[in-house]
Amino acid sequence: MHKIFSKYKSYFFTQMINSMQYLVLPLHQSSMYKKIAIDLALIYIEWQYQDIKEKIQKEPSTDNKQQALETIMNDSTKDIRDIFVNFFIKLAINSCQDKEDKENITKKALFLLKKWLILSPGFNIKYQSIEKFLNGIEQSLKQGYYRDGLDKNKSCFTVLQVISILIEFDKTENILQNMDLIYKLLTHNIANCFTCDNPYIIQLISNLTNKLLKLKDNTFRQRIIDLIENGVNAYISAYKTKSQNQNEQMRNQAITIYTTIR
């Protein structure tokens, strides 16, 4: 469908952006509205990709092609870039607890977040929106919306994926400036990734902290090491209750996984 209307896309841009944000404005929106919103975002991205492709193909040399790619998202489109980044983060986090997510909204949002950052490089990432969305879920939990409680593993997985994608495309100096906030996100009440006993999440936090520790922020490094020790203890404790006969094996597994980020 994006090809059919691509000639007239300039008439749709503002309405599409406003509509997709409005459709996911409520925290607990239905999957149907979320699907419509993400489909609108996908069409917009496909149009952007087509524009980039056409501009690059017109350039005769490799250097000109690279320059054209770097100047596509200029200051006049910076707000649009931030709108889409926040939109995909919000959709991923707010949908991760959906019990009947037949449309895989979180998975699609994470995929499109990465694709959007590929198409619009060069700007500093804003991490504040992640905390805002997590606080919204926490407030809903206190108000009794999640009667069966939250699936912490889903929250941890989503937050880890979001942060991993963002730092992949962010500038080193901006990451360093936001280390305190990133630390706060990784230890948030809704998604404290260091107290999860899920082996897959442990591997994700290991990969992420490996990247962050390479930035050589000494304060952050020490705080993360303290969390690792707490995480090892939590991991061991969880598996002790599941299998009294495999304590030593589980302990070694926990230590092996966590020490990879030292």
Side-chain angles (χ1 to χ4, degrees), residues 13-14 16-27 29 34 37-38 40-42 44-45 48 69-96 105-106 108-139 155-193 204-205 207-209 211-215 217 219-220 223-224:
F13 281 164
T14 302
M16 289 174 66
I17 293 173
N18 290 339
S19 296
M20 72 182 203
Q21 292 184 95
Y22 179 78
L23 285 168
V24 298
L25 190 60
L27 175 60
Q29 185 61 282
K34 291 178 181 179
I38 208 165
L40 287 173
L42 176 59
Y44 187 94
I45 288 179
Q48 285 291 113
L69 181 62
E70 292 174 353
T71 57
I72 286 170
M73 295 297 287
N74 53 37
D75 289 339
S76 63
T77 56
K78 183 178 181 297
D79 290 341
I80 294 177
R81 180 186 189 274
D82 290 339
I83 286 173
F84 274 86
V85 169
N86 290 335
F87 170 79
F88 292 130
I89 293 174
K90 178 179 182 179
L91 205 53
I93 292 176
N94 288 357
S95 302
C96 71
I105 300 297
T106 294
K108 290 179 180 178
L110 292 170
F111 169 77
L112 290 177
L113 172 63
K114 188 168 186 176
K115 187 170 184 178
W116 178 250
L117 289 171
I118 292 173
L119 295 177
S120 57
F123 290 99
N124 291 334
I125 301 292
K126 297 178 181 178
Y127 297 86
Q128 291 83 352
S129 60
I130 305 176
E131 183 180 20
K132 176 183 176 182
F133 302 140
L134 288 176
N135 289 342
I137 294 177
E138 184 177 23
Q139 188 63 31
S155 296
C156 290
F157 172 81
T158 305
V159 170
L160 284 171
Q161 290 280 38
V162 168
I163 296 178
S164 297
I165 292 172
L166 294 181
I167 67 170
E168 181 180 350
F169 296 93
D170 200 4
K171 299 175 181 178
T172 299
E173 57 269 23
N174 190 57
I175 298 175
L176 289 171
Q177 290 175 2
N178 285 278
M179 278 296 202
D180 284 341
L181 180 54
I182 293 174
Y183 176 89
K184 191 175 181 180
L185 295 173
L186 293 175
T187 56
H188 195 281
N189 292 334
I190 298 301
N192 191 330
C193 305
L204 284 176
I205 192 65
N207 295 339
L208 175 59
T209 49
K211 295 178 182 178
L212 294 173
L213 290 174
K214 289 178 181 178
L215 299 177
D217 183 297
T219 302
F220 181 84
R223 293 164 76 183
I224 288 296

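Keep in mind the model is a prediction, meaning the values are calculated, not measured.
For I190 against L134, the heavy-atom pair with the smallest separation is CG1-O, 3.8 Å. Residues L91 and T106 approach most closely at O-OG1, 4.4 Å, considering heavy atoms. In terms of heavy-atom proximity, I80 sits nearest to W116 at O-CZ2, 4.1 Å. Nearest heavy-atom pair, L117 versus R81, reported as atom, atom and distance to 0.1 Å: CD2-NH2, 3.5 Å. When all heavy atoms of F87 and I38 are compared, the pair lying nearest together is CZ-N, 4.3 Å. Scanning all heavy atoms of the two residues, the minimum distance from Q128 to L181 falls at N-CD2, 3.7 Å.
A distance of 5.0 Å separates CG in L110 from CD1 in I165, rounded to the nearest 0.5 Å. Atom OG1 of residue T209 and atom OH of residue Y183 lie 12.5 Å apart, to the nearest 0.5 angstrom. Residue Q161 holds its CD atom at 13.5 Å from CZ of F111, rounded to the nearest 0.5 Å. The structure places NZ of K115 at 6.5 Å from CG of L42, a figure rounded to the nearest 0.5 Å. Residue I167 holds its CD1 atom at 10.0 Å from OG1 of T172, rounded to the nearest 0.5 Å. Interatomic distance, CD1 of I163 versus CG of L186, reported as 4.5 Å (0.5 Å rounding).
Ion pairing between a basic and an acidic side chain is recognised when a charged N comes within 4.0 Å of a carboxylate O; E168 and K211 show no such pairing.
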Query raised in the report: For F133 and T158, what are the C-alpha separation, side-chain angles and deciding distance, and is it a side-chain contact (heavy atoms from CB on, under 4.5 Å)?
Result: CA-CA 12 Å; F133 302 140; T158 305; over 6 Å; no

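Taking the six-membered ring where tryptophan is involved, the planes of F88 and F84 are tilted, since the angle between them lies from 30° to 60°.
Of the candidates I130, L160, D180, V162, I130 is the only one forming a side chain to side chain contact (heavy atoms under 4.5 Å, CB included) with L185.
Side-chain atoms of N192 and T187 include no donor-acceptor pair closer than 3.5 Å. Judged purely by distance below 3.5 Å, without hydrogens or angles, the side chains of S95 and K34 pair a donor atom with an acceptor atom.
Sorted by first and then second residue, the salt bridge (charged side-chain N to carboxylate O under 4.0 Å, His left out) pairs with a member in residues 130-139 read E131-K184; sequence neighbours excluded.
More than 12 heavy atoms of other residues, nucleotides or ligands sit less than 6.0 Å from atom CZ of F169.
At distances below 3.5 Å, not a single donor-acceptor pair connects side-chain atoms of D170 with backbone N or O atoms of N124.
Not a single side-chain hydrogen bond (donor to acceptor under 3.5 Å, both in side chains) links N18 to another residue, sequence neighbours left out.
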